[in-house]
Structure formats: structure tokens, C-alpha cells
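Some notes on the structure that comes next.
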Amino acid sequence: MARANDEAAALIQELADLLSITGGDAFKIRAYEKAARAVAGHPEDIAGMDLAALKRIPTVGEAIAKKLLDYTETGTIRQVEALRAEIPASVRTLTGVPGLGPKKALQLYRELGIASVDELAAALDEGRLHGVKGFGPKSEENIRHGIEVLRQKGDRVLVGTAAELAERVVEALAPLAERIAHAGSLRRMRETIGDVDVLAASDDPRPLMEAFTALPFVTEVVAGGDKKTSVRTFRGPDIDLRVVPPDSWGAALQYFTGSQAHNVRTREIAVRAGLKLSEYGLFTASGERLASATEEEVYGRLGLPWIPPTLREDTGEIEAALKGALPDVVTVEDITGDLHSHTDLTDGRASLEEMVEAAAARGLTYYAITDHAPDLAMHRMTDAKMLAQRERVRELQKDYPGLVLLHGTELNIGPDGSVDWDADFLAGFDVCVASIHSHFAQDPADTTRRLITACENPHVNVIGHPTARQIGRRAQVQADWDEVFRAAARTGTAMEVNCFPDRLDLPADLIRRALRLGVKFAVDTDAHSVEDMRNIRFGVGTAQRGWLTPDDVITTWPLPRLRDFLAKKTT
DNA sequence: GCCGTTTTCGGCCCGACTGTTTTCAGTCG
């Protein structure tokens, strides 16, 4: 179920958008935007909070607290309703067209009565923009194109897709740059990516820009300068290439990694110290450069430790850094095992032998094979097939002295919380993952009970991809997550962080909520092929965004500690 | 509208690029 926080944050954000269209004070607008982010990221549910509690949320003062109270009491915010009456909410959608901001959107509405993207397209066709002040022939063409981009590209791509594209750009341009790397939301490992940002260091940007625009998948150059070039790609995201002098590398990487909200905070810290921070470095008032070569140096001169990119969202990392309380987040190198994988016995594409060989090559110390159980009838699993696989796993173990093979299964959680086999058969597995694969639209109270029942099963060790979402295709199942997490913590059941780019499940915001309730996590690839094992970086990135340390993640633990965790369920 | 190791008022991040504006506003990140 959508938390009150998310709906309230959306309303505050809408208030900011509508005020920016009607020409409200820019600083007031920014205050609303900051508060919207803070409310969305606040771990406690705002439903039921009183004014004093609401004001304790950072960036929420008296005025916004009252608006939040208005929301929790009436389901809406009066000022938003009033502004909607003045400006149709659909005018907001005009600012979604690249190149159209609040000022021009308002102008189009006031002068031509345009209140939606469709109306804008029609006005263009009828030539009604001719002669409107500020809209020359070039603007018309850009808006026309912007509408097309908005309509066909949809919006964001999965992090895996963006990572592949970024790798191709970096590889192609590396010979022409002193340094080159991806930055932006991809470096922060957001689950979906709008634009791919690539940063290069060179004293001679021209050859880089020329090679960049000549890449085979580039279809159009949107903006081309000496320092920045933006391109559109064939059925992919836009790519920005920024080129900076080599001695600005650290400051530039810090800046272009973002997030924008994080950067605002770091620049505010600089201003308070009488300094100026830009992508070229940290400078004194007289222009003397204090730091710029590395990110560590830049953060250091601001009095901060280096902050992992995955935390840079202004959701508490600045405060934690100032207090010396940043989490020592889990890394790919910390991962010692994998508790969820498939073979061609069910829907995997590689044999048991190939998967085990790949797990050994990853340098894991333990690896669980967890093929699907009989309730997913399409995979035609039987008791006999599962026991035969177990025999084969035990035989294979002899060939892998450095890798402990675990035999497990991925159970199906039925609508009532039951799983495929009875306790006797389940007791034969080393580890059991249990996941939801159907009945996604159940009543939230039923889904909550369903997941709690699965946690209470003494043989279920891990809840696989707990929300069952598929990014861009299937919404999360609705449940009272805090209740589910309490049950997981109480019963010693780990929540999975599934590494598939279209799952990333649990999502980072739910990870943070679960963490506060004492839950442990299993970062698992759910690999169906050898290649899928590379997805571990996306799951670890998601775990980092959830502020997880190695201690929170059972798949970083040495085998004896893991075995204790698994054993505690049944005793 | 928020906030305070320059405090309760006066600030609030910084730069690149575009188009049409003859000196810069709007947009974007």
C-alpha cells in the first residue's frame, strides 16, 4: 500500500511545480522541493504524526508541517486544490517536453490556451506559434522534436541497459582521453536511468567530441560545445559527454555524479566556509584552488569523508558524514556466496556443471543451486528429479574443494502462504528460498498474511524478490511491509536483494525500512545463466542505496556464520 | 519556506548551452 509519505510528497512536489509555473518565489519553490524529498525518504509513516513530530523532519518547518497535517486529515492539501483551479494540472505536463520549462509553459497557456501536450502538438500543426514572442522558428522545431521524443522514447531505461551503453562509449573514447568514466545516476546505481553521463579528462576536447558524435548508435547531436556534447541514440537513452581539464578530474567526477540535491548540499557547505565549489574545483573567494584532483580531496577540504556514490541522494548521507556515522557499505568484493540460482533442470539456460564452474570462477566460497519446485507446474519438477539433482551436486562437490555447494530450492508462496513441499521433504534441503510468482493483485491484508506465513515456515530461509515487481512492467505487490519485516526479523528469515536489473527487489527504499526493523538480507543473483552472474554489481548497488553493511548481508558472511543463521530457523 | 560555529533576518549552488533578447532569459543537470 502506498504510504501517506509518498502521496503527501507528490502533493508538495505538485505545489512546487504549480508555483514555478505561476511564478512563485524561487526559494520558496526550492523549499517545497526539498521537503517533498525529505518526506518521501522519511523512514517513519507520517500518518498519525502531530505537528511537532512533522516539524522534526529535516527541511519541514511550521508551514509545510501544517500542509502535511492537512493531507493526513483531509487527504489533500488546500493550496494545491486552489492552484489547480487557477492552472489546469495538465499544464504541468508541458514541462515534460524537453526544452519547455515553467515560464514558456505558462506563456503558451496564457497566450494560446494550450494546456496539454496534445494541444501543443495541434497548435504547432496549425501554425499558431508563429509570432509568439520568444518562439522563433528554431524553437518551434525543437518543441516539435521534443514532443516526438517524449512520446516514443517513453522515459527511463533499466540500469543494466544504461551500463552496457556507457561501457561502449567509455571503451570507444578511452584512447583519446587521459581519464574517462561514467558518472550521473548510473554511477549512483539508480534503478532506472534517464540520461547516460560520461566524463572525460583531456586538454584537447575536439577529437573526443568528434569521435563521440561519430559513434554508430548516435542518431542526432542535441547540443555540441567544447565542454559538453549531448546526443540522442538509436532506441536508447540520451548520452552527455563532458570534457574537463585533467587537473579538475576529482571535482568534475564529484559534480557530475550528483545527485543534484547532494551537490546543492555540498556547495552550501562550501559557501558557509567562504568557498566556492564547481566542477573545476574548490576555490577560495580570491580564486585560489584548494582541491580538485580527486573526490577524496574535495570532500576532505569540505570537512567530509568520501561518500560512496550510491548514497549521494541527500537522504541523510550529509548529516551522517558530518557525524562520522556513514555506513561502511557492502561491496562486490565482500560477497562470499550466492543463495539463489537456477539450472536447465527448470528454467535456467546452463547446466548444473556450467553454473557451478562459473560460481567457482567468481571466487565464491559457497553456492546454492535452487531450482523451482513443483507448484510452478510449467517447470515439471518432481521429487525424484530434485533428489537426483541433489546426488549430482554431492558428487560434483568432490571437484570443488574451495567452493561449498549447497542444494536448495526456490519454493512458490501460494496465496495462503503455503509452499510446495511438506516439512519432511523441505528438511532435506540446505537452504530454501520462497517467492511470490502469481496472485499479484491480492488484497494487501492477504498479501501481508501470506508473506508472514512464509516467514514463519521453519524451513524458509530467504524470501525471494519480495515485492515481485518487474520494473516498467509489473507493480509491486501491496502489503504492510513494516509488519512483514517485523516477522522476518523475528523468525530469522532474510529478505532477498535480487540482482536482476528489471527486479532489484527489495527496492532500496524498502531495504532502508527493513534495516531499521532488524532484518538481514541475501544479495543473490537469481542467475539463470552464466552471464546473469555479472548482475551482482546491480544488486550490490541497490544494497548500498539501502545503506547495508556487510554485517547486514548474509551472503557476505563466512560459511559457519551462515550455517548458524540457517540452523536457527528450525531450532 | 527554511534555517543558524557569519543566527531570528537575510541569505539561499553553479555553470553550459541555446535562441533570439542587442546584453540575456530560460532550461537543464
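Chain naming here is simple, since letters A, B, ... match the order of the sequence lines and numbering starts at 1 in each. All figures in this text were calculated on a predicted structure; none of them were measured in a lab.
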From dC2(B), dG19(B), dG15(B), pick the nucleotide closest to the side chain of Ala31(A)? dC2(B)
Atom P, compared across dG11(B) and dT6(B): separation rounded to whole Å: 16 Å
For the side chain of Ser292(A) and the backbone of Asp247(A), is there at least one donor-acceptor N/O pair under 3.5 Å apart? yes
Separation between the C1' atoms of dC14(B) and dT8(B), rounded to whole Å: 28 Å
Measure the distance from OH on Tyr32(A) to P on dG1(B) and round it to the nearest whole Å. 4 Å
Mind checking who dC3(B) pairs with, Watson-Crick or G-U wobble, both distances under 3.5 Å? dG10(B)
Between Lys138(A), His145(A), Glu140(A), which is the residue that forms a side chain to side chain contact (heavy atoms under 4.5 Å, CB included) with Asn142(A)? Lys138(A)
Between the CD atom in Glu279(A) and the CG atom in Leu199(A), the distance rounded to the nearest 0.5 Å is 10.0 Å
Is there a donor N/O on one and an acceptor N/O on the other, under 3.5 Å, for the side chain of Tyr255(A) and the base of dG15(B)? no
Comparing nearest nucleotides in DNA chain B, the 5'-proximal residue of the pair Tyr280(A), Lys67(A) is Lys67(A)
Sticking with atom C1', work out how far dT27(B) lies from dT20(B), rounded to a whole angstrom. 15 Å
Heavy-atom closest pair (Leu504(A) atom, Cys499(A) atom, distance to 0.1 Å) is CD2-O, 3.9 Å
In whole angstrom, give me the gap between the P atoms of dC13(B) and dT18(B). 26 Å
Does Leu277(A) offer a backbone N or O that forms a donor-acceptor pair with the side chain of Arg267(A) under 3.5 Å? yes
Span that lies between the C1' atom of dG29(B) and that of dT23(B), in whole angstrom: 25 Å
With a 4.5 Å limit on heavy-atom distance, are the side chains of Leu548(A) and Leu515(A) in contact? yes
What's the closest nucleotide to the Lys138(A) side chain, out of dG15(B), dG29(B), dT20(B)? dT20(B)
Is the closest basic N to carboxylate O distance between Lys67(A) and Glu73(A) below 4.0 Å? no
Taking the same atom, P, in dT5(B) and in dG1(B), what whole-Å distance lies between them? 23 Å
Looking at dT27(B), dC13(B), dT20(B), which one has an atom nearest to any side-chain atom of Pro102(A)? dT27(B)
Just to be sure I understand the rule, does Leu100(A) reach a base, reach only the sugar-phosphate, or reach nothing, if contact means heavy atoms closer than 4.0 Å? sugar-phosphate
Starting the side chain at C-beta, find the nucleotide from dC12(B), dT27(B), dG29(B) nearest to Asp197(A). dG29(B)
Donor/acceptor link under 3.5 angstrom from Gln260(A) side chain onto base of dG29(B): yes
Among dC2(B), dC12(B), dC14(B), the one nearest Ser278(A) by side-chain distance: dC14(B)
When rounded to whole Å, the CD to C1' distance for the pair Gln107(A) and dT27(B) reads 14 Å
When the C1' atoms of dG10(B) and dC17(B) are considered, how many whole Å apart are they? 32 Å
Arg30(A) side-chain proximity, nearest of dG1(B), dG26(B), dC13(B): dC13(B)
Have a look at Arg265(A) and say if it touches a base, only the backbone sugar-phosphate, or nothing, with a 4.0 Å heavy-atom cut-off. nothing
Which nucleotide in dT20(B), dC12(B), dG26(B) has an atom nearest any side-chain atom of Lys103(A): dG26(B)
What is the nucleic acid contact for Val243(A), judged by heavy atoms within less than 4.0 Å: base, sugar-phosphate only, or nothing? nothing
Could you point out which residue of Leu215(A), Asp195(A), Thr229(A), Leu165(A) forms a side chain to side chain contact (heavy atoms under 4.5 Å, CB included) with Ile239(A)? Leu165(A)
Given dG19(B), dG15(B), dG26(B), which nucleotide is nearest the side-chain atoms of Lys104(A)? dG26(B)
Just N and O in the side chain of Ser139(A): are any of them under 4.0 Å from OP1 or OP2 of dT20(B)? yes
May I have the distance from Glu279(A) (atom CD) to dC17(B) (atom P), rounded to whole angstrom? 10 Å
Tell me what Asn142(A) touches on the nucleic acid: a base, only sugar-phosphate, or nothing, going by heavy atoms under 4.0 Å. sugar-phosphate
From CD1 of Ile143(A) over to C1' of dT18(B), roughly how many Å is that when rounded to an integer? 13 Å
From CD1 of Ile21(A) across to P of dG26(B) the rounded distance in Å is 14 Å
Nearest of dC13(B), dA16(B), dC17(B) to any side-chain atom of Arg267(A)? dC13(B)
Atom CD of Glu141(A) and atom P of dT20(B): how far apart are they, to the nearest Å? 10 Å
Under 4.0 Å between a side-chain N or O of Lys34(A) and OP1 or OP2 of dC12(B)? no
Glu268(A) side-chain proximity, nearest of dG29(B), dG1(B), dC13(B): dC13(B)
Taking atom P of dG1(B) as reference, at what distance in whole Å does atom NZ of Lys28(A) sit? 4 Å
Select base, sugar-phosphate, or nothing to describe what Gly258(A) touches, counting heavy atoms under 4.0 Å on all strands. nothing
Could you check Val264(A) against Phe135(A) and say which one's nearest nucleotide on DNA chain B is further toward the 5' end? Val264(A)
Atom NZ of Lys66(A) to atom P of dC2(B): distance rounded to whole Å? 10 Å
